Amino acid sequence: KDDSEDETGVATKTRPKTQRPPMYKVMLLNDDYTPMEFVVHILERFFGLNHAQAFEIMLTVHKKGLAVVGVFSFEVAETKVAQVMDFARRHQHPLQCTMEKD
Ligand code: TYC
């Protein structure tokens with residue numbers, strides 16, 4: 001923290017605005033066709049989740065329609081979305097993954 005003096009000569013603490021990069025939520029969307037195990041696999045493979053965490057998020061998406069999988073910098077979020085979309089497309093599943101500013 002910076003020290004500065006006010007008009008009475010009393011040292012006060014100021015909080016200089018620190019710049020933080022904007023963060024992006026990566027979300028998975030539900031559909032009627034992508035197999036549950038495939039979604040679990042994606043969550044383990046691209047988001048480093050263990051099987052229990054992956055299964056839980058998959059079920060949340062299945063029940064609620066969508067869920068946030070993680071929050072990342074723009075570049076990392078973009079990469080995750082591209083990896084998921086590419087992997088799903090290659091396996092001919094309609095799974096959708098999107099990102100949005102946090
Ligand atoms: N609803 C799919 C099914 O019943 C499972 C599913 C879960 C699909 C999550 C997509 O992001 C998703 N097979």
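We count ligands from 1, going down the list as the structure has it; atoms in each ligand are counted the same way. Remember, predicted model here, so these are calculated numbers, not experimental data.
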Single-linkage hydrophobic cluster, 4.5 Å side-chain cutoff, M99 and V76 together: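 Cluster IDs for M99 and V76 match.
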In one Ile/Leu/Val/Met/Phe/Trp/Tyr side-chain cluster, 4.5 Å: F74, V84: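 Hydrophobic grouping puts F74 with V84.
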F47 vs V26 side-chain heavy atoms within contact, under 4.5 Å: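 The answer is yes, as the side chains (C-beta and beyond) meet within the 4.5 Å cut-off.
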pair P35-H93: side-chain heavy atoms closer than 4.5 Å: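 SC-SC contact between P35 and H93 confirmed.
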Listed once per pair and sorted, the salt bridge (Lys or Arg N to Asp or Glu O under 4.0 Å) pairs that draw on residues 49-73, sequence neighbours left out: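 Found none.
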Please tabulate, one line per pair, the protein N or O atoms found under 3.5 Å from any N or O atom of ligand 1, giving the distance to one decimal.
from     : atom 1 : to  : atom 2 : distance (Å)
ligand 1 : 1 (N)  : N30 : OD1    : 2.8
ligand 1 : 1 (N)  : D31 : O      : 2.7
ligand 1 : 1 (N)  : H62 : ND1    : 2.9
ligand 1 : 4 (O)  : H62 : ND1    : 3.4
ligand 1 : 11 (O) : L29 : O      : 2.8
ligand 1 : 13 (N) : T34 : O      : 2.9

Side-chain donor or acceptor of T34 paired with backbone N/O of L95 under 3.5 Å: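 Here the side-chain-to-backbone pair exists.
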